[in-house]
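Along the sequence shown, residues are numbered consecutively beginning with 1.
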Amino acid sequence: MDKLTKNIELQLWDFGQNTRTLQESRQEIASGWEDNASRELNSRFFNPHENDSEKSIRFLHDQVDNVKQMENEFVIIETAVEEANRLSGEIDSSLQYSRADIKHSYHTLDECIYSKNRSLDYCKNTQDKLNKLAKLKQLHNSGKY
């Protein structure tokens with residue numbers, strides 16, 4: 001856009017120069033050009049052209065300023081987009097690590113549940129054996145064995 005702005009500024013400068021040249025030429029010949037035809041040409045063409053060209057120049061200057069402001073804002077937006085993309089990449093990496101951690105945690109949980117169930121089985125088997133031993137001891141002590 002910087003190239004566009006420079007091109008517009010150059011055309012604006014050229015337009016201003018041409019307008020000034022025309023107005024200076026009008027002033028130079030104004031004293032010797034005072035008839036009905038010159039007044040008609042001035043009122044219908046040259047005076048409106050002078051007013052319109054001044055308005056046009058001001059308007060184009062405003063447009064150039066707006067384009068420059070847009071260029072600055074575009075740079076800010078580009079920087080923000082780059083930062084958002086960078087942060088998005090970091091978030092994606094963190095998400096992948098989190099998914100791996102969750103998968104590992106589920107695996108560890110499964111191992112814990114398996115170990116708990118085996119421990120409960122061992123406890124039950126041990127309790128059953130202790131109960132049998134208690135019955136055998138009771139039988140032995142009663143002399144029925």
Side-chain angles (χ1 to χ4, degrees), residues 1-140:
M1 284 191 151
D2 189 37
K3 202 174 191 181
L4 175 65
T5 305
K6 289 183 191 284
N7 189 19
I8 292 172
E9 285 177 327
L10 182 61
Q11 289 178 1
L12 181 57
W13 180 84
D14 193 42
F15 179 66
Q17 290 296 97
N18 290 335
T19 300
R20 275 188 290 284
T21 302
L22 175 64
Q23 297 311 320
E24 287 169 1
S25 297
R26 281 183 64 204
Q27 288 173 357
E28 288 174 8
I29 62 171
S31 62
W33 202 37
E34 293 259 349
D35 59 4
N36 285 338
S38 68
R39 282 189 285 282
E40 177 72 19
L41 285 173
N42 281 326
S43 68
R44 288 185 66 193
F45 300 107
F46 294 121
N47 292 340
H49 175 270
E50 183 177 10
N51 294 333
D52 289 346
S53 64
E54 288 173 8
K55 289 177 187 174
S56 295
I57 289 172
R58 279 195 305 274
F59 174 77
L60 289 172
H61 275 293
D62 290 345
Q63 292 306 311
V64 168
D65 291 342
N66 289 339
V67 168
K68 286 179 181 178
Q69 184 178 354
M70 286 174 34
E71 287 173 344
N72 292 335
E73 290 173 2
F74 185 73
V75 168
I76 292 169
I77 290 169
E78 278 183 323
T79 303
V81 166
E82 288 171 3
E83 179 69 6
N85 287 335
R86 185 187 66 76
L87 292 173
S88 176
E90 288 179 15
I91 290 169
D92 188 49
S93 294
S94 295
L95 184 60
Q96 288 177 7
Y97 287 125
S98 296
R99 285 181 178 151
D101 285 346
I102 289 170
K103 185 177 179 180
H104 178 72
S105 297
Y106 276 122
H107 178 72
T108 303
L109 178 63
D110 288 342
E111 287 178 348
C112 289
I113 290 171
Y114 175 76
S115 295
K116 176 190 144 207
N117 289 337
R118 284 192 64 200
S119 294
L120 289 174
D121 287 343
Y122 287 142
C123 287
K124 185 178 183 271
N125 287 339
T126 302
Q127 188 63 47
D128 289 345
K129 289 179 183 178
L130 286 173
N131 288 340
K132 283 182 186 178
L133 281 173
K135 284 182 186 178
L136 286 173
K137 183 179 179 187
Q138 193 179 33
L139 282 173
H140 178 63

Value rounded to 0.5 Å, distance of [atom1] in [X] from [atom2] in [Y]:
{"X": "Arg99", "Y": "Ser94", "atom1": "CZ", "atom2": "OG", "value": "11.5 Å"}
{"X": "Thr19", "Y": "Asp14", "atom1": "OG1", "atom2": "CG", "value": "9.5 Å"}
{"X": "Asp52", "Y": "Ile57", "atom1": "CG", "atom2": "CD1", "value": "11.0 Å"}
{"X": "Lys124", "Y": "Thr126", "atom1": "NZ", "atom2": "OG1", "value": "11.0 Å"}
{"X": "Ser98", "Y": "Ile91", "atom1": "OG", "atom2": "CD1", "value": "11.0 Å"}
{"X": "Tyr122", "Y": "Asn125", "atom1": "OH", "atom2": "CG", "value": "9.0 Å"}

Open item on the list: Show, in sequence, the C-alpha distance, side-chain angles and deciding distance for Val67 and Glu71, and conclude whether the side-chain contact (heavy atoms from CB on, under 4.5 Å) test is met.
Closed with: CA-CA 6 Å; Val67 168; Glu71 287 173 344; 4.0 Å; yes

- [ ] For Leu22 and Asn18, run side-chain contact (heavy atoms from CB on, under 4.5 Å): C-alpha distance rounded to whole Å, both residues' side-chain angles, the deciding distance at 0.1 Å, then the answer.
- [x] CA-CA 6 Å; Leu22 175 64; Asn18 290 335; over 6 Å; no

Open item on the list: Tell me if a side-chain donor or acceptor on Ser88 pairs with a main-chain N or O of Ala84 at a distance below 3.5 Å.
Closed with: no

Task: Smallest separation among heavy atoms of Phe15 and Ser56, with atom names - done: CE2-CB, 4.0 Å

TODO: For residues Ile113 and Asn117, determine if any side-chain heavy atom of one lies less than 4.5 Å from a side-chain heavy atom of the other.
DONE: yes

TODO: Count the heavy atoms of every other residue, nucleotide or ligand shown that sit under 6.0 Å from CD of Gln138, and state whether that count exceeds 12.
DONE: no

Open item on the list: For Arg86, is the CZ atom crowded, meaning more than 12 foreign heavy atoms sit under 6.0 Å from it?
Closed with: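 Correct, the count exceeds 12.
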
Task: Pair Lys68 + Glu9: basic N to acidic O under 4.0 Å - done: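 Result for this pair is yes, salt bridge flagged.
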
Task: Full working for side-chain contact (heavy atoms from CB on, under 4.5 Å) between Ile8 and Gln63 - done: CA-CA 9 Å; Ile8 292 172; Gln63 292 306 311; over 6 Å; no

Task: Exercise: do Arg20 and Gln23 side chains pair donor with acceptor under 3.5 Å - done: no

Open item on the list: Would you say Asn131 and Gln127 are linked by a side-chain donor-acceptor pair, where the criterion is simply a distance under 3.5 Å?
Closed with: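 Indeed, the side chains of Gln127 and Asn131 share at least one donor-acceptor pair under 3.5 Å.
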
